[in-house]
Undergrad: 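Provided herewith is a single structure, encoded as structure tokens, for subsequent inquiry.
Side chains included, hydrogens not; waters and symmetry mates left out as well; all remaining heavy atoms used.
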Amino acid sequence: MPRAFTFEDVASIGSGLEGVERTLAWGQPALKVRGKMFVCMAAHRSAEPGSLVVMMDRADRDALIADAPETYYLKEHYVDHPCVLVRLSRVRQGALRDVVAGAYRFVQFSSTRRRPSARSGSRRPRRRE
């Protein structure tokens, strides 16, 4: 079984990425890039102690959970968010590096995409009544 990692290990990985700041999110240690959180220690009571919230695409998250449910998981509170919970006591060092770097890229990419505006001709779907 791999050694249990801490947020200090996560922060060490993050320190090698450009523009990362160490801060708090929901009272827990977090890493942000351009003001957007990409990893933080889980704050919600439904998460297991020692779990890291890692931002990522939902399809990637589902694949990780299917492949390694002993390491990656979700609780109902997090289902509607583009993230996965990582058990720091179970994750391997290379996998931790990969998910932290992936979350960094995911948040950077997400923050650079333009959202459709009313001027661009996009409209919200009409609500059925």
Side-chain angles (χ1 to χ4, degrees):
M1 186 148 124
R3 77 173 181 91
F5 290 100
T6 66
F7 191 79
E8 292 304 316
D9 299 307
V10 174
S12 178
I13 294 166
S15 69
L17 303 170
E18 185 178 336
V20 171
E21 65 176 298
R22 189 173 177 161
T23 185
L24 295 176
W26 301 281
Q28 297 297 314
L31 298 180
K32 293 182 179 182
V33 61
R34 289 193 275 164
K36 295 211 167 224
M37 189 272 296
F38 65 97
V39 294
C40 73
M41 293 302 293
H44 194 265
R45 67 177 179 258
S46 66
E48 297 173 18
S51 292
L52 184 71
V53 178
V54 177
M55 303 304 291
M56 68 175 51
D57 179 82
R58 288 178 177 92
D60 293 338
R61 152 187 97 185
D62 295 344
L64 282 176
I65 292 169
D67 189 46
E70 68 284 352
T71 303
Y72 307 101
Y73 72 104
L74 272 182
K75 290 294 186 177
E76 186 175 340
H77 174 77
Y78 296 94
V79 168
D80 293 330
H81 303 283
C83 67
V84 70
L85 294 164
V86 179
R87 292 178 178 100
L88 290 177
S89 63
R90 302 290 308 219
V91 69
R92 298 203 178 274
Q93 186 174 16
L96 182 60
R97 268 194 313 268
D98 290 347
V99 296
V100 170
Y104 172 84
R105 288 188 303 273
F106 174 75
V107 167
Q108 281 211 312
F109 177 71
S110 297
S111 67
T112 59
R113 281 190 287 185
R114 288 187 48 205
R115 294 201 171 129
S117 68
R119 288 186 196 152
S120 68
S122 64
R123 296 185 343 196
R124 287 186 175 171
R126 288 188 183 185
R127 192 182 227 186
R128 289 187 175 178
E129 300 195 23

Undergrad: Just jot down the ring-ring contact (aromatic ring centres under 6.0 Å, His included) partners of His81, sequence neighbours excluded, or say none.
TA: none
Undergrad: Could you measure the distance from the CZ atom of Phe5 to the CD1 atom of Ile13? Nearest 0.5 Å is fine.
TA: 7.0 Å
Undergrad: Starting at CG of Leu31, measure out to CE of Met55 and round the result to the nearest 0.5 Å.
TA: 13.0 Å
Undergrad: Distance from Tyr73 atom OH to Ile65 atom CD1, nearest 0.5 Å?
TA: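 One gets 10.0 Å once the value is rounded to the nearest 0.5 Å.
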Undergrad: Taking all heavy atoms of Tyr72 and all of Val91, pick out the closest pair and write down the distance.
TA: OH-CG2, 3.9 Å
Undergrad: Is the shortest side-chain heavy-atom distance between Phe38 and Val20 below 4.5 Å?
TA: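 Result yes, sub-4.5 Å side-chain heavy-atom pair found.
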Undergrad: Tell me whether Trp26 is reachable from Leu24 by hopping between hydrophobic residues (I, L, V, M, F, W, Y) whose side-chain heavy atoms are closer than 4.5 Å.
TA: no
Undergrad: Please check: side-chain N/O of Arg61 versus main-chain N/O of Val84, any donor-acceptor pairing under 3.5 Å?
TA: no
Undergrad: In Å, rounded to the nearest 0.5 Å, how long is the span from NZ of Lys32 to OH of Tyr104?
TA: 15.5 Å
Undergrad: Is any side-chain N of the basic residue among Glu48 and Arg87 closer than 4.0 Å to the acidic one's carboxylate O?
TA: yes
Undergrad: How close do Ala43 and Gln28 get, counting heavy atoms only, and between which atoms?
TA: CB-CG, 3.6 Å
Undergrad: Taking atom CD of Glu76 as the centre, does the number of heavy atoms from other residues, nucleotides or ligands within less than 6.0 Å exceed 12?
TA: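 Atom CD in Glu76 is not packed in, count stays at 12 or less.
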Undergrad: According to side chain to side chain donor-acceptor pair (under 3.5 Å), who are the partners of Arg22, at least two apart in sequence or on a separate chain?
TA: Glu8
Undergrad: Looking at every heavy atom in both Leu52 and Leu96, which two are closest together, and how far apart are they?
TA: CD2-CD1, 4.1 Å
Undergrad: How close do Pro82 and Phe106 get, heavy atom to heavy atom, and via which atoms?
TA: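 Looks like CB-CZ, 3.9 Å.
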Undergrad: Between Leu85 and Ala42, what is the shortest heavy-atom contact and its length?
TA: CD2-CB, 4.0 Å
Undergrad: Whether the Tyr78 and Ser46 side chains hold a donor-acceptor pair (N or O, under 3.5 Å, no angle test) is what I'd like checked.
TA: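 No - no donor-acceptor pair under 3.5 Å links their side chains.
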Undergrad: Do the side chain of Ser110 and the main chain of Val107 share a donor and acceptor less than 3.5 angstrom apart?
TA: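 Not at all, since once roles are kept as given, no pair shorter than 3.5 Å links the two residues.
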Undergrad: So which atom in Pro69 and which in Asp67 form the shortest heavy-atom distance, rounded to 0.1 Å?
TA: CD-C, 3.7 Å
